[in-house]
Amino acid sequence: ILESGLPRFKSGGYYIRGFPLQYLTAASIKFLGDGYFAYRLPAVLFGTSTVLASYFLGRLYIQRLWSVILAAMVAFSSWEIELSLFARMYSTFQFVAVCFFWFFYRYSFNMQGNEKYLAVAFSILAVLSHALGIFITTFIFLPLLTIYNGSLYKSIVNQKKYLIVC
C-alpha cells in the first residue's frame with residue numbers, strides 16, 4: 001500500500017480483505033516507521049475502542065453497573081486481548097459490528113432523522129472489514145418490517161430514501 005496505494009501482492013494479485021485496517025496500518029507505518037508497534041497499533045486501538053463501544057451497547061439494555069462489568073469482561077477477555085495483538089482485521093470487524101448494533105438498535109427502528117443511516121454506514125464498513133460482514137448487512141432490512149402502517153405503498157414511499165441507501 002505504501003508503494004502503490006493498493007494492497008497488491010508482489011506476484012500481481014490483490015489482498016481484498018480488511019481494507020480499513022490495511023490503510024490504517026499503512027498510515028501507522030508511514031508515520032511511526034516499520035516496526036512491531038506500528039503494525040499492531042491500529043488493531044490495538046480498535047480492540048480498546050470495542051471495550052468502550054460494548055459499554056454503550058450494554059447501556060441500551062442493562063443498568064450502568066452491569067454495563068461496566070460487561071466492558072471489564074470484554075477488556076480482560078483472553079479472546080479480546082488475542083484479537084488486539086494480531087495485525088489482522090478481526091478487531092476491526094468486532095469494533096464495527098458492536099458499533100453497528102448500537103446505532104442499529106438506537107436509531108433504525110424509529111425511522112426518524114439521519115442517524116438511521118449510521119447503521120448502514122457501519123454495515124458497509126463491516127463488509128469492507130471482514131467477509132462475515134455480509135451477515136450484518138441483512139439486519140439493516142429489519143426496520144422495514146416494522147414500518148408497515150396499513151398501506152404497503154405508503155410505507156414504502158415514506159421510507160424510499162432508506163430503501164435506496166440500503
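Heavy-atom basis, side chains included; hydrogens, waters and symmetry copies ignored. Computed from a prediction, not measured in an experiment: that's the story for all the values here.
Scanning for ring pair (Phe, Tyr, Trp, His ring centres under 6.0 Å) contacts around Tyr61 gives Tyr105, with sequence neighbours left out.
For the pair Ala119 and Phe100, the tightest heavy-atom approach, listed with the atom from each and the gap, is O-CD1, 3.1 Å. Between Gly47 and Ser84, the closest heavy-atom pair is CA-OG, 3.3 Å.
Under a 3.5 Å cut-off, the side chain of Ser123 and the backbone N or O of Ile136 do not form any donor-acceptor pair. Under the 3.5 Å distance criterion, the side-chain polar atoms of Ser28 are left unmatched by any main-chain donor or acceptor of Leu41. In terms of modelled atom types and a separation under 3.5 Å, the side chain of Trp102 and the main chain of Phe56 share a donor-acceptor contact.
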Derivation of the side chain to side chain contact (heavy atoms under 4.5 Å, CB included) call for Met89 and Phe46: CA-CA 10 Å; Met89 77 288 297; Phe46 278 116; over 6 Å; no

Output, in order, the C-alpha distance, side-chain angles, deciding distance and verdict of side chain to side chain contact (heavy atoms under 4.5 Å, CB included) for Asp34 and Tyr39. CA-CA 8 Å; Asp34 190 11; Tyr39 279 97; 2.8 Å; yes

Solution key, residues 74-82 side-chain donor-acceptor pairs under 3.5 Å, sequence neighbours excluded:
from: Ser77; atom 1: OG; to: Trp79; atom 2: N; distance (Å): 3.2
from: Ser77; atom 1: OG; to: Glu80; atom 2: N; distance (Å): 3.3
from: Glu80; atom 1: OE1; to: Gln94; atom 2: NE2; distance (Å): 2.9

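Atom OH of Tyr15 and atom CG of Leu6 lie 15.5 Å apart (nearest 0.5 Å). To the nearest 0.5 Å, the span separating CG on Leu128 from OH on Tyr23 amounts to 11.0 Å. Within the model, atoms CZ of Arg88 and OG1 of Thr25 stand 11.0 Å from one another, a figure rounded to the nearest 0.5 Å. One finds the OG1 atom of Thr50 at 10.5 Å from the CG atom of Leu45 (value rounded to the nearest 0.5 Å). Here the CG atom belonging to Leu60 is positioned 6.5 Å from the CZ atom belonging to Arg106, to the nearest 0.5 angstrom. To the nearest 0.5 Å, atom CZ of residue Phe93 and atom CZ of residue Arg17 are 11.0 Å apart.
For the pair Gln63/Trp66, a side-chain contact is recorded, criterion being any heavy-atom separation below 4.5 Å from C-beta on. At least one side-chain heavy atom of Pro20 sits under 4.5 Å from a side-chain heavy atom of Leu125.
Between Phe101 and Phe139, the ring centre distance stays below 6.0 Å.
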